[in-house]
Amino acid sequence: MDDAYCETPEPAPVPEEAGPPYAECVLCRKPTEYPESTKGSTLCPVCAWQEAGRTACSG
């Protein structure tokens with residue numbers, strides 16, 4: 001069996017200073033997809049996904 005078939009490629013590195021200044025996530029402080037001028041609480045994709053799971057399961 002070919003083991004190379006199951007290998008996961010390494011993700012491409014993301015440059016720290018790519019694009020405009022981004023707002024920080026209010027939970028983990030990582031950069032979000034939103035510009036700094038966005039009003040309200042901003043979440044990174046990981047925290048937004050986790051928050052959606054908590055909200056969906058709390059009902």
Side-chain angles (χ1 to χ4, degrees):
M1 185 171 198
D2 187 15
D3 290 334
Y5 178 77
C6 295
E7 291 180 10
T8 303
E10 291 294 321
V14 178
E16 291 293 322
E17 297 298 323
Y22 295 106
E24 287 184 340
C25 176
V26 296
L27 298 177
C28 69
R29 296 299 199 207
K30 291 185 180 178
T32 64
E33 300 171 337
Y34 306 104
E36 285 183 344
S37 60
T38 302
K39 296 192 184 324
S41 59
T42 55
L43 298 174
C44 70
V46 173
C47 290
W49 180 77
Q50 291 174 344
E51 186 67 25
R54 283 190 290 268
T55 303
C57 295
S58 66

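What you are looking at is a predicted structure, and each value in this text was computed from that prediction instead of being measured.
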Checklist entry - By the rule that ILVMFWY residues connect when side-chain heavy atoms come within less than 4.5 angstrom, directly or transitively, which residues belong alongside V46? => result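 The other cluster members (ILVMFWY side chains, heavy atoms under 4.5 Å, direct or chained): none.
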Checklist entry - L43: which other cluster members, linking ILVMFWY side chains closer than 4.5 Å, directly or transitively? => result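 L43 shares its hydrophobic cluster with V26, L27.
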Next on the checklist: Ignoring hydrogens, what is the shortest heavy-atom contact between A23 and T42? Give both atom names and the distance.
Outcome noted: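 Smallest heavy-atom distance, with atoms named: CB-OG1, 3.7 Å.
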Next on the checklist: Let me confirm one number: the OH-OG distance from Y22 to S37, rounded to the nearest 0.5 Å.
Outcome noted: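 Nearest 0.5 Å value for the OH-OG distance: 11.5 Å.
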Checklist entry - From W49 CH2 over to C44 SG, what is the distance, rounded to the nearest 0.5 angstrom? => result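 Going from CH2 on W49 over to SG on C44, the span is 12.0 Å.
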Item to check | Selection residues 32-45 - residue pairs positive for salt bridge (Lys or Arg N to Asp or Glu O under 4.0 Å), sequence neighbours left out | outcome: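 Sorted pair list comes back empty.
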Item to check | salt bridge (Lys or Arg N to Asp or Glu O under 4.0 Å) contacts touching residues 20-31 (sequence neighbours left out) | outcome: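 For residues 20-31: E24-R29.
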Next on the checklist: Checking E51 now: which residues fulfil side chain to side chain donor-acceptor pair (under 3.5 Å) with it, not counting sequence neighbours?
Outcome noted: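 Only R54 meet the side chain to side chain donor-acceptor pair (under 3.5 Å) criterion with E51.
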